[in-house]
Structure formats: C-alpha cells, structure tokens
Protein chains: 2
Amino acid sequence: MTRRSRAHQSTPGNEKAILEAALTLAVTAGYEGTTMAEVARLSGLPVGSVYWHFNNKEQLFAELIEYCFEQWKADHTGPTNRDLLRRSIAGSAGGSVDPENRAEAFWILALLFALEKRLAGNLAREKYLDVRKEMFELMVQRVEPQVPASVLAVDPAFGRKMVVLGRALTDGFYIAASAGDEIDFMEFADLSATAVEALIQRKAAEIEGNLDAADAES
Amino acid sequence: MTRRSRAHQSTPGNEKAILEAALTLAVTAGYEGTTMAEVARLSGLPVGSVYWHFNNKEQLFAELIEYCFEQWKADHTGPTNRDLLRRSIAGSAGGSVDPENRAEAFWILALLFALEKRLAGNLAREKYLDVRKEMFELMVQRVEPQVPASVLAVDPAFGRKMVVLGRALTDGFYIAASAGDEIDFMEFADLSATAVEALIQRKAAEIEGNLDAADAES
DNA sequence: GTCTATAACTAGATAGAC
DNA sequence: GTCTATCTAGTTATAGAC
C-alpha cells in the first residue's frame, strides 16, 4: 500500500507540517498556483514524502479543507463570542494579509474553492461544498435564537435568510481585504451587524403593525 | 516589432474573438487554469496568432479586464436603472452559471483577480485594482444623491460607506452563486437593498434626534 | 517512513515559413 | 497577419535505494 491507513486520529507531525505549508501557500497562490514542490519545500520534506502522506494534490487539498474547518469550528463555536457576524467581518481585516492567520485563512481557502468552478468533480471542491453546508447550519443554530419569535412565526425561514445575508457580507469583506481596500474593517463589521439588526427590527415592526391592523379589524 | 501599435481604437475582429474566448474560459477556470492553447482553440486561431495580437498571457488578461470593464460601464451607467445594488445582486444569479453572460462575467473575473494575491505585480491584477477604484467612484456618484443631505452634513463619507457595503454584498452573492447556493437571488437583492436603505434611514433618524435635542437645549 | 532521480506531460512562449 | 513546429521550464507523480 502506498498510503497510511489512519482514518481520523489527530494529525501527526509531518502530515500537519505539510497541511500547514499547503495552507500558507494556497492562501496567496490558490489551488493551481500552489505546487506540490513548493509545499514540500516549505514543509521541509522532499516531494516523495508528501506523496507518501497524501495520494495526490486533490486529496491533499480535500484534507486541508477538513483540517481547516475543524480549526475554524473550534474558534467560532466557543461560548464567548456572541456576535458571530461582527467577529467574522472584523477577522477579514488581517486574514488575507497575514498568511499565518490560520483561523481566518480557512475563509480565504473557502472563497477560492467557491470561485474555481473548473474544479467541478474535484474531491477538494466537493469537500468544500459539504463543509459550506455544514458551516451554514452551524451559523443558523446561533443566529435563529436572536430572531424574535413573532417574526419566525410568520416567516420560519427568516433566520436562515439572515445567515445568507451575513455570509454574503463576510465573503464580501474578505474580498475587499484581498483586494487591499483601505477601509476600517471594524467599522464595517459594526455597520453590517447594525444593518442585519435593522432588517430584523423592521420585519418585526412590520408584523407587529399587521397584527395591530388585524386586531383593529376584528 | 512583434506587436500591433493600436492604442485605443475599437477592438478588431480577431482580437475580440480572442478576448471573448479568454473571458469564457477564465470565468470557470480562473487565471492559472486558463491556458493560451485553449484560448487559441476556442477563438479558432492558432497559438501563434494569439501571441501576435497579445505579447503574453499577462497582457492578454490586462486587456481583457479593460475590455470587460468598458462593457460593464455601458451596461450600468444608462439612465434606466435606478437601483444599482438590487440590479447587481440580481445579476449574480445567472452570472456565474452561464459563461455567455458577458455583462456579469466581468464581476466574476474581478473576484478572481481580487483573490489571487499571488499575482502581485502582475499587469492584469494591477489593471484590475485600478478598475476597481474607478468602478467604486462611479458607484459613489450614483449612490451619494440618494443619501439625505442631513446625513452627509454630519458624516460626509456616509455615501461611500454605503457603496463599500453594497459592493461587499454584491461580491458576496456572486460567491454564493459560484458555490451553487440554491437561494432566491431576487429576494436577496431586495433584502440587501432594504438593509442599506434601513441603515440610511436609521442614520437620518439618529441625526434628526440629535438636532431636536440640540434645538431643545438652545 | 524518508529521500533522490526521473518519467510523463503540459505550460508559456518563439522562430520562421507562408 | 496567419499558422506549424518546436524549445524550455515547470508540473504532477512514481520508482526504488536507503
């Protein structure tokens, strides 16, 4: 066999080094732009070793996505951070500039795989699409409690909609960071949170108004 | 000389065919993923001809960005479309799916160049960053008149902030489209427009309140 | 498990006939 | 201006010594 059989034990030393190297490179070079030779060089191992640990480039990236997602989950599911959106957008500020920022590197990696549609059928991209769905559900679980029950009663999908909006904003600000826009990301993190909040309130008020109208009619 | 000297005359037949081929491929394959051989094949010309018209891949893409931007400007500066943000986001729906959708292909191309930071110094990426700035200013000119004078008096940059937010949203929904999210883009186009609108109203109300307070004090 | 050498292939780019 | 043949360098991936 040309491949280790470990399934899900915690990533051992050299494998982790390879994944970290791949991540560092991928964040600035993308999928095609990252070469196995460079990954090997940066990890301090020869190419042969990289191919001993991972079947091929595709699989290396598929595992990289999983590896990053675990880190991201650990960082973003703690009980401390109450404001997911604000935190995510604020994180975009340095995320794309500093290749060492692992917690946020995942998001950049994700954007790359979202955009590179040529990778249809590619193991890594399929893996990403799975992860994207899982991440979405995690966010829904955290956002839904913040939506008033009266709103959810009328539009049960409203919480999910706010997550879609929040994710679009987060993605958008990562793009802005990648493009080097000189904006105050903290300010926009607040502004974005406020905008979503305003949308929820407006919806609640609208429903309230309808209820009043209905009450008045009866 | 190995290169035509036309500077800014309207793109002649074969050059246009090459640019169109490059665009179609780039939208799904990205910069690295698009090969000169494929561009040649799709344009119906041999590789040699492509290199006669364009010095190299870098310059081909730099001109592609300019070429697309001109089209985008023509599509998005007419007097008809009053709601820029709503229109942009709604456009993202099909933009990433149909490689023939030229008007929106530009935005995908833009995202690719925004993310591919490895291309630092690359002519095409530099060109894109210029275009990004110009596009921003065009949007500011169209959004600023919609912001109440009272708000601009207190925060002259508020219009620009709304454009930053709007662009982030647009970028974000293009990502969603690229990832194949099954969402109702029209609905989110409306929701996004409403969110920005709500933010402006909230700001205006806040300022109004302060003015009243100031009036009461005097 | 690690490392070297190299095979098999594909990329961007050019030379030069027409 | 167009097209073919080809060069060079770099890519993924493997074979096989250690």
Side-chain angles (χ1 to χ4, degrees), chain A residues 1-7 9-22 25-26 28-64 112 116 118-119 121-125, chain B residues 1-7 9-23 25-26 28-64 112-113 116 118-119 121-125:
Chain A
M1 76 169 189
T2 66
R3 180 87 170 79
R4 80 272 129 88
S5 53
R6 70 142 183 79
Q9 65 204 52
S10 62
T11 320
N14 277 346
E15 265 175 44
K16 188 174 168 180
I18 294 167
L19 289 169
E20 288 290 333
L25 294 170
T28 55
Y31 180 78
E32 303 272 352
T34 300
T35 70
M36 296 300 263
E38 269 276 286
V39 170
R41 197 193 52 73
L42 188 61
S43 70
L45 291 166
V47 198
S49 292
V50 174
Y51 277 96
W52 189 89
H53 287 286
F54 303 92
N55 284 336
N56 49 38
K57 187 178 180 178
E58 205 170 312
Q59 196 227 342
L60 166 61
F61 273 82
E63 292 208 25
L64 177 58
L112 285 167
E116 308 232 342
R118 106 201 84 156
L119 299 178
N122 177 303
L123 201 67
R125 182 166 147 106
Chain B
M1 77 170 188
T2 66
R3 181 85 170 79
R4 82 270 128 91
S5 53
R6 70 140 184 81
Q9 65 203 53
S10 62
T11 321
N14 278 346
E15 266 175 46
K16 189 173 168 182
I18 294 167
L19 289 170
E20 287 290 334
L23 180 56
L25 293 171
T28 55
Y31 180 77
E32 304 272 352
T34 300
T35 70
M36 296 299 266
E38 269 276 285
V39 170
R41 198 193 52 72
L42 187 61
S43 71
L45 291 166
V47 198
S49 291
V50 174
Y51 277 96
W52 189 89
H53 288 287
F54 302 91
N55 284 336
N56 50 37
K57 188 178 179 178
E58 203 170 315
Q59 196 227 340
L60 167 60
F61 273 82
E63 293 208 26
L64 177 58
L112 285 167
F113 277 100
E116 308 234 344
R118 103 201 86 153
L119 299 176
N122 176 302
L123 202 66
R125 181 165 148 107

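Chain A is the first sequence line, chain B the second, and so forth, proteins listed ahead of strands; every chain is numbered from 1. On a predicted model such as this, the values are computed, not experimentally measured, just so you know.
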A.B. asks: Please list all pairs passing the salt bridge (Lys or Arg N to Asp or Glu O under 4.0 Å) test where one or both residues lie in residues 43-56 of chain B, with sequence neighbours left out.
C.D. replies: none
A.B. asks: Is there any salt bridge (Lys or Arg N to Asp or Glu O under 4.0 Å) pair reaching into residues 30-39 of chain B, and which pairs are they, with sequence neighbours excluded?
C.D. replies: B/E32-B/R118, B/E38-B/R41
A.B. asks: Can you give me the closest heavy-atom contact between B/V39 and B/A21, atom names plus distance?
C.D. replies: O-CB, 3.6 Å
A.B. asks: Return the minimal non-hydrogen interatomic distance between A/S43 and A/A17, and the atom names on each side.
C.D. replies: CB-O, 3.8 Å
A.B. asks: According to salt bridge (charged side-chain N to carboxylate O under 4.0 Å, His left out), who are the partners of A/E58, at least two apart in sequence or on a separate chain?
C.D. replies: none
A.B. asks: Sugar-phosphate atoms are those with a prime plus P, OP1 and OP2; base atoms are the rest. Using that split, label each nucleotide of nucleotides 11-18 of chain D B, S or - for protein heavy atoms under 4.0 Å, 5' to 3'.
C.D. replies: SSBB----
A.B. asks: From C-beta outward on B/L45, which listed nucleotide comes closest to its side chain: D/dC3, C/dC3, D/dT2?
C.D. replies: D/dC3
A.B. asks: Roughly, in whole Å, what's the span from CD in B/Q59 to P in C/dA13?
C.D. replies: 11 Å
A.B. asks: How long is the straight-line distance from CE of B/M36 back to CG of B/L25, given to the nearest 0.5 Å?
C.D. replies: 11.5 Å
A.B. asks: Which residues pass the side chain to side chain donor-acceptor pair (under 3.5 Å) test with A/N14, sequence neighbours left out?
C.D. replies: none
A.B. asks: Just how far, in rounded Å, is P of C/dG12 from CD of B/E38?
C.D. replies: 10 Å
A.B. asks: To the nearest 0.5 angstrom, please state how far the CG atom of B/L60 sits from the NZ atom of B/K57.
C.D. replies: 9.0 Å
A.B. asks: How bent is the helix from C/dG1-D/dC18 to C/dC18-D/dG1, measuring the angle between the end axes built from five pairs each, rounded to 10°?
C.D. replies: 10°
A.B. asks: Using a cut-off of less than 4.0 Å, is there contact between a side-chain N or O of B/N14 and OP1 or OP2 of D/dG1?
C.D. replies: no
A.B. asks: Provide, to the nearest angstrom, the distance between the CD1 atom belonging to A/I18 and the C1' atom belonging to C/dC3.
C.D. replies: 13 Å
